[in-house]
Amino acid sequence: MELYAEIILPIAIPPLTFKVAEELCGEIAVGQGVEVQLGARKLCMGVVRTLHGNRPDYKTIKTIRRILRSEILVPPATMRLWEWMAEYYMCSLGEVMRAALPTALKPSALTEEAFEKEIFKLRSETFVRLNHDIDTPEKLNTLLEPMQRRAKARYGAVMSFCAAFDNEKEVFGGEVPMSLLTADGVKPETIRTLARNNIFTLEKRELPPDTTTTREYHLRPLSEAQNSVFKHIENEFTTKPTVLLHGITGSGKTEIYAHLTARRLERGESVLILLPEIANLKQIGERLEEMFGNCVSVYSSKLSVRQRTETYLRMCHSKGGCIVVGVRSALFLPIPSLGLIIVDEEHDRSFKQDEPSPRYSARDSAVWWAVTHGINTLLGSATPSVESYFNSKTGKYGFARLTERYGNGALPRITISDTIRSAKRGERKAHANKELRDLIEAALANGRQTILYQNRRGFAPYIECPECGWTAHCPDCSVSMTLHKAENRLRCHHCGHVETIPTKCPRCKRGTPETRGFGTEQIGEDFSSLYPHAVIEVLDADTATTAAKYERIIDDFEQGRTDILVGTQMITKSFDFPKVDVVGILNADNMLNYPDFRSEERTFQSIVQVAGRAGRKDSNGEVIVQTSQPVLPLFSQIASYNYEGMFRNQLAERKIFNYPPFGRLITVIMKHPNNELLSRCANTLVRRLSRRYGDMINGPYPPVVNRVRKVFIQEILVRMELGKAREMKQVVADEISALHSEEPFKRVTIFCNVDPQ
Ligand code: ADP
Ligand code: ZN
Ligand code: ZN
């Protein structure tokens with residue numbers, strides 16, 4: 001019988017079927033990586049999805065001639081995850097494969113030679129054994145005798161070889177890594193000479209990854225409150241695959257994760273801990289290594305391609321009892337006997353990939369996996385997403401709550417401070433109200449630290465002509481250029497386009513453009529002139545350009561060498577800084593004014609998260625939130641840590657519009673350099689979909705940034721009722737492929753973002 005293999009290829013097309021060469025039929029397995037030829041010349045790696053005996057009705061069928069690695073790269077449960085993702089997030093399996101495998105495991109090239117170079121190889125080692133005809137001590141002695149006198153080096157090499165065995169019998173037929181002999185002082189040339197003289201035979205082999213682990217845990221005992229939550233979570237897991245842990249900042253969620261992890265390891269299961277993208281993966285990874293030793297693997301984009309690939313392959317060879325800490329893509333690792341996934345800071349939007357496809361949420365995928373594959377998923381946060389909290393209220397998820405800080409510290413006091421009133425009284429300096437400055441000054445006097453949060457980087461968001469209102473815009477994108485004072489230039493944050501600052505307004509030729517708004521860089525500068533003796537640093541995408549710079553800034557602050565740290569979202573992550581007394585949110589309005597139905601939820605989360613950096617160990621922190629709209633209910637909810645209140649308000653609003661959790665959303669994104677053609681295409685799609693779904697189809701409308709690199713963008717929002725999502729996705733997908741086969745619209749790029757965040 002002939003054997004055929006359905007192969008997933010790392011491109012946006014459905015799997016293709018190939019014939020399996022006869023000599024591979026006994027070896028090939030589902031989940032392996034094989035070499036296939038695409039088109040006339042291209043060679044690439046594909047993953048075997050299924051094996052079967054049905055010849056497809058292609059005219060010519062190509063043959064798979066080589067299995068690239070013997071490991072099962074994609075075990076069955078991971079394959080189901082890929083398939084589910086492709087269906088749910090409306091993309092191809094190839095796109096999932098691209099996200100799932102590290103670069104080195106997806107070789108492709110145009111020539112055999114180049115392809116050979118691309119194929120990943122683990123470290124290899126040369127093994128030494130005695131030639132097979134030297135099979136008795138007598139034969140060996142006959143050879144050694146003359147050597148002992150005339151060839152001392154060679155004699156020494158053979159003696160070293162023999163000494164490597166405990167049992168004399170093993171010398172014949174046994175092997176020793178060459179590195180062991182060279183460590184003994186034997187020269188490699190001597191070993192090669194012995195091989196040429198038919199005394200040794202050498203074999204070079206790839207070494208399997210090191211999967212040995214120490215089974216020794218160093219856990220700290222849980223507090224009474226932590227312990228009862230720990231027990232409660234374990235108990236919830238007996239009836240619910242997913243549990244939400246709502247634990248305030250500083251309550252010691254990490255410690256609970258560690259105890260849950262230890263339980264799983266004892267049962268031989270593995271644990272995956274997912275963290276937000278710019279979290280302090282290093283800090284948490286090290287903390288876990290202290291507790292669990294070398295069964296911890298860290299997986300992030302900061303690692304080299306080789307390190308990531310080795311981790312991937314180590315998972316293929318491991319037997320269970322592993323801990324992986326990583327960002328969203330770690331979900332794709334073939335972790336053996338995975339029993340528990342912990343998603344820390346589950347509300348964080350970086351668990352959703354926006355670009356490129358697959359536009360997947362690692363959190364939601366983990367939950368799906370938990371439900372369908374008997375894995376447990378723990379979602380943890382001090383400020384859960386409205387969706388997850390809703391799911392715990394309706395009983396879909398189990399629930400646990402931790403309401404006290406470890407060591408009985410209090411949560412910092414949050415005060416809402418009115419920027420307009422302060423300005424009227426002439427009390428604002430360096431974008432800070434007097435209330436905030438008083439606290440900063442007290443902290444400086446006491447040798448304590450301050451964090452200032454501003455969710456905009458750069459010196460000022462834009463420049464404006466006071467005479468005619470002209471602002472500098474990027475010529476290729478529909479955004480204003482950001483002023484970066486340190487480089488004295490304007491920069492587009494979407495395409496990187498750079499311009500010099502005009503001295504005269506290019507439009508009216510009269511006014512001198514002035515700076516408007518303020519970002520992290522300007523705040524850093526203004527505070528430096530206000531407090532010349534304080535050490536002030538900025539942490540944002542402009543200053544933390546490399547992992548090393550990022551870590552240096554964090555380390556300086558952690559060690560108390562910096563007095564004031566000004567930062568963007570980067571500082572809201574779960575840092576544990578012992579000496580922070582004061583946190584200032586300089587402008588809560590620009591978070592709130594972001595046009596998105598989640599902006600209030602996000603504002604609540606960001607502020608409560610940064611606030612949590614204050615008052616950790618021995619003092620109560622103070623938090624000042626500056627806004628021009630202090631009367632908004634959201635601010636009193638923030639000031640009293642009233643999560644429930646915020647949740648109820650958001651739920652009421654979302655109910656009206658059928659937004660999540662009451663319905664599901666898809667944004668259809670369309671792109672083309674010709675705006676008129678794009679509009680026609682978008683309107684056609686809306687008309688066709690509306691015929692069926694009426695006002696559940698919204699748009700088309702231009703997004704906040706509607707032109708990037710000279711390409712225009714239009715979006716359509718599809719709102720779906722809960723039970724109808726699957727059907728509507730199919731209709732949307734069909735309409736999109738119909739458009740793609742019609743002449744003027746063929747070249748319009750159209751894709752879907754399911755569950756946009
Ligand atoms: P969260 O992630 O919930 O905000 P952390 O896990 O960072 O809180 O814990 C806050 C602080 O309390 C950390 O410094 C941590 O080391 C300490 N801590 C928490 N639980 C324990 C425990 N059981 N024993 C010792 N220290 C603990
Ligand atoms: Zn002007
Ligand atoms: Zn641009």
Side-chain angles (χ1 to χ4, degrees), residues 218-230 245-260 262 273 275-276 279-280 283-284 286-288 290-291 342-346 348 378 380-384 400-409 411-412 463-482 490-499 502-514 558 572-580 608-618 621 705-713:
H218 303 277
L219 297 183
R220 296 184 286 191
L222 294 176
S223 70
E224 212 169 293
Q226 284 171 329
N227 194 42
S228 73
V229 164
F230 163 73
L245 166 61
H246 182 197
I248 62 168
T249 56
S251 57
K253 293 185 284 298
T254 320
E255 222 60 45
I256 296 177
Y257 300 158
H259 281 255
L260 290 166
I273 303 175
L275 298 176
N280 39 345
Q283 210 182 23
I284 295 185
E286 280 167 6
R287 224 159 116 185
L288 286 166
E290 277 165 30
M291 297 191 238
I342 295 169
V343 186
D344 190 27
E345 312 287 356
E346 66 87 28
D348 195 286
L378 178 69
S381 176
T383 52
R401 173 175 276 148
L402 191 50
T403 52
E404 60 183 64
R405 281 192 149 185
Y406 179 78
N408 292 321
L411 281 172
I463 56 169
E464 192 180 80
C465 168
E467 299 281 332
C468 73
W470 171 88
T471 59
H473 270 77
C474 173
D476 299 336
C477 312
S478 65
V479 289
S480 51
M481 305 270 290
T482 300
L490 297 165
R491 191 179 269 285
C492 170
H493 281 187
H494 283 267
C495 72
H497 177 79
V498 175
E499 277 184 18
T503 43
K504 272 275 165 284
C505 169
R507 187 157 75 192
C508 70
K509 315 266 192 288
R510 281 179 295 136
T512 305
E514 289 172 359
E558 201 169 19
T572 66
K573 305 302 165 188
S574 50
F575 289 112
D576 191 13
F577 298 124
K579 285 173 69 183
V580 176
V608 170
Q609 289 289 341
V610 253
R613 302 313 118 214
R616 283 237 145 183
K617 281 260 153 63
D618 34 313
V705 177
N706 77 329
R707 187 167 170 251
V708 172
R709 293 190 169 89
K710 296 193 166 85
V711 176
F712 288 92
I713 310 167

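Remember, it's a predicted structure, so these values are computed and weren't measured experimentally. Side-chain atoms are counted along with the backbone in the values below, which use heavy atoms only and exclude waters and symmetry mates. In this chain, numbering begins with 1 at the start of the sequence shown. Order of listing sets the numbers, starting from 1, for every ligand and every atom in it.
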Quick one: does [X]'s side chain get under 4.5 Å of [Y]'s, heavy atoms only?
{"X": "Met481", "Y": "Thr471", "result": "no"}
{"X": "Ser223", "Y": "Glu255", "result": "no"}
{"X": "Ile256", "Y": "Leu402", "result": "yes"}

(message) For Arg405, state whether at least one heavy atom is located under 4.0 Å from any atom of ligand 1.
(response) no
(request) Return yes when Ile248 approaches ligand 1 closer than 4.0 angstrom through a heavy atom, no otherwise. (result) yes
Which of the atoms of ligand 1 are close to [X], meaning less than 4.0 Å from one of its heavy atoms?
{"X": "Thr254", "result": "2 (O), 5 (P), 6 (O)"}
{"X": "Arg287", "result": "6 (O), 15 (C), 16 (O)"}
{"X": "Gln226", "result": "19 (C), 20 (N), 21 (C), 22 (C), 23 (N)"}

(message) Could you check whether Asp476 pairs with Lys710 (Lys NZ or Arg NE/NH1/NH2 to Asp/Glu carboxylate O, under 4.0 Å)?
(response) yes
Looking only at heavy atoms, which two atoms of [X] and [Y] are closest? And how far apart?
{"X": "Ser251", "Y": "Ile248", "value": "OG-O, 2.7 Å"}
{"X": "Pro502", "Y": "Leu490", "value": "CD-CD1, 4.2 Å"}
{"X": "Thr503", "Y": "Thr512", "value": "O-CG2, 3.4 Å"}

(message) Side chain, backbone, both or neither: which applies to Gln609 and ligand 1 if a contact is any heavy-atom pair less than 4.0 Å apart?
(response) neither
(request) Record the part of Pro221 in heavy-atom contact with ligand 1 below 4.0 Å; permitted values are side chain, backbone, both and neither. (result) backbone
So, is [X] polar-close to ligand 1, with some N/O to N/O distance under 3.5 Å?
{"X": "Thr249", "result": "no"}
{"X": "Gly250", "result": "yes"}
{"X": "Gly252", "result": "yes"}

(message) So, 2.8 Å as the limit: is an N/O/S atom of His497 located closer than that to the Zn ion (ligand 3)?
(response) no
(request) Begin with the C-alpha distance, continue with both residues' side-chain angles, and end with the deciding distance and a verdict on side-chain contact (heavy atoms from CB on, under 4.5 Å) for Leu288 and Tyr257. (result) CA-CA 10 Å; Leu288 286 166; Tyr257 300 158; over 6 Å; no
